[in-house]
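Counting begins at 1 with the first residue of the sequence. Just follow the structure's listing: the first ligand is 1, and inside any ligand the first atom is 1.
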Amino acid sequence: MGHSKWTPELEIGIPFVDADHKVLVSLLDQTEDCIEQHEETVLLGSVLSALTEYVSYHFAREEKLFEGCGYAGAGFHIKIHRDLETEVLAFYRRFKDDPQSVEADEIHDFLRDWLVEHIVGHDFAFRKACIGNEEAIAAAAAMPFFKVGGDKAGTAPEWGSLRVLVVDDNPNMLNIIETILRAGGINNIELTESAAEGLAWLVERPADVVFCDWVMDDMNGAEFARHAAEIEPGAKVILLSGHSIDEVRQRSAGAGISGYLEKPVTAAGLLEMLASLSS
Ligand SMILES: [Fe+2]
Ligand SMILES: [Fe+2]
């Protein structure tokens, strides 16, 4: 099972489209990493959820571009988008209902086929009609992945200066959280693989928000939060856990936790939590 690495042949030449496609291929790679490494279900679930969410966002951006360019093939292309969306959602639902029912090869083939074939087979067709139409490109590029108050309302949060530290001993979890944060427009991100490393980072540099795993080798999330509060009292700590949040909440009472997120995480859930803290 080979990874579907990004290749220059996939490049369309419209920066936001290529950037989206890179995110999608990266999510596909992360899915494959999780499968190959027999990752826990909550992790694969987090990656598949982010993939589903990003697919819808990307399709909406492309469709806004078609509208702005008056692309003649829009009707056909949009129908393919809806079909793919339905398919990926059904697939994700089936995984959620029974993770064991989904075979590794099936996930790999399905995602690679529809994603890469759609880029090469269909997305290249709108290139000629849209490239050079800077106004339409700028309008579609400006659509944010996450808006406060949901898709239909609200504005994109201003997260340009937000500093986020992520502490999790699982590199695949760090990867997916970083992908979600970057998609949400957060660029100042530090990833650390242990609580000790995270605390050492806080001594050196400030952070506004810390996402921290509940179970880590060197200490749990509550101990981490207590130490973090001594070093950086302004930092808000959000605990992530695959265990029952009620139990984690009880066990971390008094540790100054600002929020709890259950794994598998979703991009919307994670960014909403962030928005509620920074508003
Ligand atoms: Fe696309
Ligand atoms: Fe497309």
Side-chain angles (χ1 to χ4, degrees), residues 2-33 46-93 95 106-147 151-152 156 175-176 178-185 266-268 271:
H3 276 189
S4 311
K5 287 284 176 243
W6 177 263
T7 61
E9 291 84 68
L10 293 173
E11 210 133 303
I12 286 190
I14 300 173
F16 86 83
V17 177
D18 289 326
D20 277 0
H21 289 163
K22 278 182 196 164
V23 172
L24 291 169
V25 170
S26 155
L27 286 165
L28 188 52
D29 284 345
Q30 292 179 49
T31 307
E32 292 169 16
D33 286 340
S46 303
V47 176
L48 287 175
S49 168
L51 182 68
T52 310
E53 293 166 286
Y54 207 86
V55 160
S56 292
Y57 166 63
H58 168 60
F59 287 173
R61 284 226 279 194
E62 271 188 5
E63 289 162 25
K64 189 165 176 73
L65 177 67
F66 301 164
E67 204 187 306
C69 298
Y71 173 45
F76 175 63
H77 199 123
I78 289 169
K79 183 178 177 328
I80 297 171
H81 280 176
R82 290 297 83 75
D83 290 348
L84 290 175
E85 233 166 15
T86 307
E87 238 181 305
V88 75
L89 211 67
F91 191 81
Y92 175 53
R93 286 208 182 108
F95 171 84
E106 188 191 7
I107 298 187
H108 174 265
D109 292 349
F110 168 79
L111 292 176
R112 189 199 49 209
D113 286 356
W114 76 254
L115 182 61
V116 177
E117 279 177 19
H118 181 67
I119 294 173
V120 176
H122 297 108
D123 285 353
F124 269 87
F126 69 70
R127 189 181 184 277
K128 212 172 144 215
C130 300
I131 212 156
N133 189 333
E134 297 307 332
E135 203 180 316
I137 292 172
M143 273 176 75
F145 174 60
F146 174 77
K147 287 185 213 166
D151 263 357
K152 303 278 177 255
N175 263 344
I176 186 60
E178 183 185 19
T179 304
I180 294 170
L181 291 172
R182 287 201 188 283
T266 64
L271 294 171

Please confirm whether His118 and His77 have ring centers closer than 6.0 angstrom. yes
Has His122 got an N, O or S atom lying less than 2.8 Å from the Fe ion (ligand 1)? no
Is there an N/O/S atom in His58 that lies less than 2.8 Å from the Fe ion (ligand 1)? yes
Taking it one step at a time, do Glu62 and His58 satisfy side-chain hydrogen bond (donor to acceptor under 3.5 Å, both in side chains)? CA-CA 6 Å; Glu62 271 188 5; His58 168 60; 2.8 Å; yes
For the Fe ion (ligand 2), find the closest N/O/S atom belonging to [X] and write down its atom name.
X      : value
Glu62  : OE1
His77  : NE2
Asp123 : OD1
His118 : NE2

Check: Leu65 and Val17 side chains under 4.5 Å, non-hydrogen atoms: yes
Can you confirm whether Asp18 sits close enough to Leu10 that some side-chain heavy atom of one is under 4.5 Å from a side-chain heavy atom of the other? no
What distance separates Ile176 CD1 from Ser26 OG, expressed to the nearest 0.5 Å? 7.5 Å
